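The model shown is predicted, which means the values in this text are computed figures rather than measured ones. Protein chains get the first letters and strands the later ones, always in sequence-line order, with residue 1 at the start of each.
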Protein chains: 2
Amino acid sequence: MSDSPCNDPSRDRLLLAAVEIFAERGFRDATVREICAKAEVNAASVNYYFGGKEKLYAEALAFALCQANQRYPLGDALNLGLPAEQRLIAFIQVFLHKLMDNTALGHHGKLIAREIADPTSALDGIINTAIAPQFAMLKEVIPSLVGPGWSESDIYRCILSIVGQCLMYKHSRSVVDRICPNVIASPDEINSTADHIAKFSLAALNHLRIERTQT
Amino acid sequence: MSDSPCNDPSRDRLLLAAVEIFAERGFRDATVREICAKAEVNAASVNYYFGGKEKLYAEALAFALCQANQRYPLGDALNLGLPAEQRLIAFIQVFLHKLMDNTALGHHGKLIAREIADPTSALDGIINTAIAPQFAMLKEVIPSLVGPGWSESDIYRCILSIVGQCLMYKHSRSVVDRICPNVIASPDEINSTADHIAKFSLAALNHLRIERTQT
DNA sequence: ACATGTTTAAAACAACTGTTTGAAATTAAC
DNA sequence: GTTAATTTCAAACAGTTGTTTTAAACATGT
């Protein structure tokens, strides 16, 4: 249902407006009146179509997530036939570009960032659907790059080091925009940033492998 | 004024309660009534002592920041007499431990994370006071590690890669707690995480230097 | 055309929220 | 002890908010 708009123009407009306003303002600050004004429907529509503000939020979140994953599929990162290094590079490219998407779709990232920062009951679903698969993929890939003999916690630390670099540009966007906006100022710069993260990460992982081999 | 409590018990209790409730709930969701209940003062006190909710927020933020920096001074990271590598390690240690502080002081990090995610007029002040000095310090240190010839943007990307790794454990704490809580489950694990981030980052920077030297 | 179901709308409702008000209580100064 | 200043309080205020209510308007089916 929430993965594609049904033939219901009012409901659709409401859902799209909700994604945007919830992303901008968060759940609490977003008002039903503002969302309805943006969607050009009456305030009663929220209860009519979604049963209330909370359910609207849950559906907006699920919808945004689904749209984002369709536009930015993991693709090569999931291809077992490719070397681990290429899979990691592919992941970083997709992930960062998804985070940096500033079209209407970009609201999804803000919505998820808010959910992560202030979890509602929806977070567990998001983790299962969107985040755990990424971690699982990275958990396949990282041992191939860093070599055997690392604890599970160390593998996770490597994963978090990579993911954390990408999320920096989304979660702390306000800081990046004030201190060094050039690093993500254009598509070329975003590509350079993705390249940098890939290089930085591969270098680190490679070094950890060598270091472990020598001990 | 806001860097140390004045001799005014009601005002102090109010400020401390505000730090906590604003950290937990954010500005909008935190109510004056809840803060005053926690502080055991009357709701009119907010206007009496601080002139209103917004000013209370601004002072709570400034106070929390000041307290955090006093407890976690940059110390060795600022010591020009130490090698760059050691300075970077010191920075990562201090920064991560500050972020992972789960005493009452830990509210500061949540407050700042919220401000970064949803900037108010206070953000610029915070950047000047707390974030820009860190970036300036790292901007001194990184070129010594990565070698000459890198663009300013590349230096910033390195800085963001390091800071982003640390912030992962704070900004995405809800995810870490659900997927791999062990990595920061105890003081020892936090130390291991700080060591990991330092190793990961130094390895990457070292590799970038070698790579640039060979081209 | 009529009956039924769905959608839309405006108004009302009940609760919440930061702020103000006026006065009592407390403290400080002489 | 008296006066003045400060602090605290409960109630009121004005605005906001999600939800409900009721009925009109619209769409569908026969």
Side-chain angles (χ1 to χ4, degrees), chain A residues 1-2 4-63 111 114-115 118-122, chain B residues 1-2 4-63 111 114-115 118-122:
Chain A
M1 181 66 66
S2 57
S4 57
C6 49
N7 292 331
D8 216 326
S10 293
R11 189 182 190 279
D12 293 345
R13 290 199 312 273
L14 202 42
L15 192 58
L16 291 176
V19 168
E20 184 173 341
I21 307 286
F22 281 136
E24 275 175 36
R25 302 194 191 291
F27 177 74
R28 181 69 154 73
D29 226 10
T31 64
V32 165
R33 283 171 169 85
E34 187 180 359
I35 291 167
C36 292
K38 188 170 192 66
E40 293 181 323
V41 296
N42 182 272
S45 303
V46 171
N47 274 281
Y48 184 75
Y49 287 109
F50 296 96
K53 186 182 181 184
E54 294 226 358
K55 291 230 186 94
L56 174 61
Y57 174 75
E59 294 220 7
L61 199 48
F63 175 69
L111 256 186
R114 285 183 182 278
E115 183 62 27
D118 269 317
T120 68
S121 56
Chain B
M1 179 68 63
S2 56
S4 57
C6 50
N7 294 328
D8 216 325
S10 293
R11 190 182 190 278
D12 293 346
R13 289 201 310 276
L14 203 41
L15 192 57
L16 292 175
V19 166
E20 184 173 342
I21 307 288
F22 281 135
E24 275 175 35
R25 301 194 192 290
F27 178 74
R28 182 68 155 71
D29 225 9
T31 64
V32 163
R33 283 171 170 86
E34 188 180 358
I35 291 166
C36 292
K38 190 169 189 68
E40 295 180 322
V41 296
N42 183 273
S45 303
V46 170
N47 274 281
Y48 184 75
Y49 286 109
F50 295 96
K53 189 183 179 183
E54 293 225 1
K55 293 233 186 88
L56 174 62
Y57 175 74
E59 294 220 5
L61 198 49
F63 175 70
L111 257 186
R114 286 183 182 277
E115 183 62 26
D118 269 318
T120 67
S121 55

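Nearest nucleotide to the side chain of R33(A), out of dG18(D), dA10(D), dG18(C): dG18(D).
Atom C1' of nucleotide dT7(C) and atom CG of D8(A) are separated by 9 Å, given to the nearest angstrom. The distance between atom CZ of F27(A) and atom C1' of dT17(D), rounded to the nearest whole Å, is 11 Å. As a whole-Å value, the separation of K53(B) NZ from dT17(C) C1' is 8 Å. The distance from atom OH of Y48(A) to atom P of dA9(C) is 13 Å, rounded to the nearest whole Å. Distance R11(A) CZ to dT7(C) C1': 14 Å, rounded to the nearest Å. E34(A) has its CD atom 13 Å from the P atom of dT16(D), to the nearest Å. One atom, CG of L14(B), and another, P of dT19(C), lie 12 Å apart when rounded to the nearest Å. The CZ atom of F50(B) sits 15 Å away from the C1' atom of dT8(D) (whole-angstrom rounding).
For R13(B) (side chain) and A39(B) (main-chain N/O), a donor-acceptor pair under 3.5 Å exists by modelled atom type.
In this structure, L14(B) and L56(B) approach most closely via the heavy-atom pair O-CD1, 4.5 Å.
Using a 4.0 Å cut-off, no side-chain N or O of R28(A) falls inside it from OP1 or OP2 of dG18(D). Distances shown here put a side-chain N or O of N47(A) below 4.0 Å from the OP1 or OP2 atom of dT20(D). Contact check, S10(B) against dT8(D): a side-chain N or O comes under 4.0 Å of OP1 or OP2. Listed pair N42(B) / dA10(D) meets the phosphate criterion, a side-chain N or O lying under 4.0 Å from OP1 or OP2.
Remark on DNA chain C: of its neighbouring residues A44(B) and A43(A), the 5'-side contact belongs to A43(A), judged by nearest-heavy-atom nucleotide.
With respect to the salt-bridge test (charged N to carboxylate O, under 4.0 angstrom), the residues E24(A) and K38(A) do not qualify.
Backbone-only engagement by Y49(A) is indicated by non-hydrogen atom pairs under 4.0 Å involving sugar-phosphate atoms exclusively.
Ring geometry, F22(A) versus F27(A): the interplanar angle falls under 30°, so the pair is classed parallel (tilted spans 30 to 60°).
Note that CZ of R11(B) is 4.0 Å distant from CZ of F50(B), once rounded to the nearest 0.5 Å.
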